[in-house]
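Here is the structure we will look at.
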Number of protein chains: 2
Amino acid sequence: MLETLTQHITNRLGKLPDNIDLVLPHFEAVITKRGDLLLQPGEVCKHVYFIVEGCLQVFVTDKNGNESTREFYIEDQWATDIFGFQNQIPSAEYIRCTEPCKLLRIHYESFQKLANVVPQFAAIYKQILEVSYNNTVYRVNTLTSMDALERIKWMMENKPKIMARLSSKLIASYLGISAETLTRLKSKI
Amino acid sequence: MLETLTQHITNRLGKLPDNIDLVLPHFEAVITKRGDLLLQPGEVCKHVYFIVEGCLQVFVTDKNGNESTREFYIEDQWATDIFGFQNQIPSAEYIRCTEPCKLLRIHYESFQKLANVVPQFAAIYKQILEVSYNNTVYRVNTLTSMDALERIKWMMENKPKIMARLSSKLIASYLGISAETLTRLKSKI
DNA sequence: CCCAACTCTTGATAAATGTCAAGAGTTTAA
DNA sequence: TTAAACTCTTGACATTTATCAAGAGTTGGG
C-alpha cells in the first residue's frame with residue numbers, strides 16, 4: 001500500500017523526494033468494512049487518512065437524523081476534519097467508509113512533526129488545503145445559487161465518478177435534496 | 001492606515017516581527033465608495049485586500065441575476081478569491097464594497113515574494129487559509145442540514161455584527177433565501 | 001434639505017421540494 | 001443459498017420557500 005502513497009507524493013512534487021524515508025514510516029495501514037466510522041461528532045480527530053482503495057463520506061446529521069454529506073473522498077485523496085484535527089478539538093462531523101477500504105493514516109503528532117521538518121510535506125499540505133478550500137467555496141456557491149436540477153447536472157459534469165459509484169441516497173445527501181427528488185429530477189434530464 | 005495592519009500582524013503573531021519593514025511597503029491604500037466593485041467574474045484577481053474600515057461582499061449571480069453571497073468580510077479581515085488569486089486564473093466571483101471602505105491591498109507578485117521570503121507572512125497566510133476553510137465547511141453544513149429558520153438563528157448567534165450591519169437583502173443573499181422569506185421568518189423567532 | 005432610490009413588510013399565489021407509503025428489484029452477510 | 005435489509009421508483013399530498021405586487025418608511029448623495 002505504501003507504493004500508492006509514494007506514487008501520490010511523487011506525482012504532486014514532480015519527483016520522488018530524497019527524504020521519502022522520513023515520511024513513509026509514519027503511516028499505518030487500516031483495513032475497514034463498509035459502514036465503519038472513522039470519526040464521530042464530539043470525538044477529537046487524531047488522524048489524516050490517505051485512501052489507497054475505497055471511498056470515505058464526511059457528513060453531519062440534522063435534528064431529524066437526516067444525513068448531509070459535505071464531501072466524498074476516493075482513491076488517491078486525503079480525508080480528515082482539518083479544523084478539528086489541526087486544533088485537536090471535538091469534531092462536528094462523521095467520517096464513514098461507504099465501502100470496504102484500504103487506508104493509510106498518519107497520527108496528529110507525526111503530521112505536525114513532518115510538516116515542520118519536511119518542507120515537501122508542508123508543501124503538499126498547503127496544496128491540498130488550497131484545493132480543498134476552493135472546492136468548498138465552489139460548493140457553497142452551487143448550493144446557494146442553483147436549484148436542485150442544476151446541482152444534479154453540475155454534479156454529473158463535475159463528479160461523474162462519484163455519481164456513478166454511490167447510491168442515490170448518498171448522492172442526494174451531498175446535493176442537499178431528498179432521494180425521491182433526485183429520482184424524479186434525473187428523469188427530466 | 002498601516003498602523004491597523006501592523007496591529008493585526010502583531011496580534012496574530014503574538015509580537016511585532018522585526019522584519020515588519022519588509023512587509024508594509026508592499027501594501028497600497030485604496031479608498032472606495034459604496035457599491036464599488038473590486039473584482040468581477042472573468043477577471044483575474046490581482047490583489048488580496050485587508051480591510052481597515054468597511055465591509056466587502058463576495059458573491060456570485062445565478063441565471064436570473066439573483067445574487068448569492070459567499071462571505072462578508074469586515075474590519076481586520078482579509079478578502080480575495082484565493083483560488084483565482086493563487087492560480088492567476090479568471091474568477092467566478094464578484095467582490096463589492098457594501099459601504100465606503102478604507103482598504104490596504106497587496107499585489108500578487110508582492111504576496112508571493114513575501115510568502116517565500118518572510119516566514120511570518122507565510123504563517124499568517126496558512127492561519128487564514130485554515131480558518132477560511134473551516135468557516136466554509138461550516139457554511140456547507142449549515143446550508144445542507146438546516147432549514148431557513150435554523151439558518152437565520154445560526155447567523156444571529158454566530159454573526160451578530162454582520163446581521164446588524166447589513167440590509168435584509170444582503171443577509172438573505174448570504175442565507176440562500178429571498179428577502180421576503182427573511183422578513184417573515186424573523187417575526188417567528 | 002430634499003427627493004429619487006432603496007428598504008421593509010405584508011398579502012396572494014405559484015413553484016419547488018419534502019414526507020409518507022408501498023411494491024418491485026437488488027445486494028449482503030450469515 | 002437465502003432471508004433480511006437495503007434501494008429505486010412512483011403516487012398522493014403537505015410544507016416550505018419563491019415570486020410578484022404594492023404601500024409605507026427610510027436614507028443618502030447632490
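Because the structure is predicted, anything quoted here is derived from the model rather than measured. To find a chain, count down the sequence lines: A is the first, B the second, and so on, and within it residues start at 1.
For an aromatic pair to be called close, the ring centres must be under 6.0 Å apart, and B:F72 with B:Y174 satisfies this. Outside the 6.0 Å centre-distance limit, the rings of A:F27 and A:F50 are not counted as a close aromatic pair. Note: A:Y125 and A:F111 meet the aromatic proximity criterion, with ring centroids under 6.0 Å apart. Remark: aromatic rings of B:F85 and B:Y108 are close, center separation under 6.0 Å.
A heavy atom lying under 4.0 Å from DNA chain C marks the following residues of residues 164-189 of chain B, by number: B:S167, B:S168, B:K169, B:E180, B:T183, B:R184.
For the pair A:E67 CD and D:dC6 P, the computed distance is 12 Å after rounding to whole Å. Between the CE atom of A:M146 and the P atom of D:dA18 there is a distance of 17 Å, rounded to whole Å. Between the CG atom of A:L149 and the P atom of C:dG18 there is a distance of 13 Å, rounded to whole Å. Rounded to an integer number of Å, the gap from A:M163 CE to D:dC8 C1' is 14 Å. When rounded to the nearest whole Å, the span between CD1 of A:I152 and C1' of C:dA16 equals 12 Å. Atom CG of B:D147 is separated from atom C1' of C:dG18 by 12 Å (rounded to the nearest Å). Taking atom CG of residue A:N64 and atom P of nucleotide D:dA14, one finds them 19 Å apart after rounding to whole Å.
Looking at A:E93 and B:V137, their side chains come closer than 4.5 Å, going by heavy atoms from C-beta outward.
For the residue pair A:Q112 / A:Q86, a side-chain donor-acceptor distance below 3.5 Å is found, with atom types taken as modelled. A donor-acceptor contact under 3.5 angstrom links the side chains of A:T69 and A:Q57, judged on distance only.
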When you compare the protein's N or O atoms with those of nucleotides 24-30 of chain C, which come within less than 3.5 Å of each other, and at what distance?
none

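With hydrogens and angles ignored, the 3.5 Å screen pairs no side-chain donor or acceptor of A:N141 with any backbone N or O of A:Y138.
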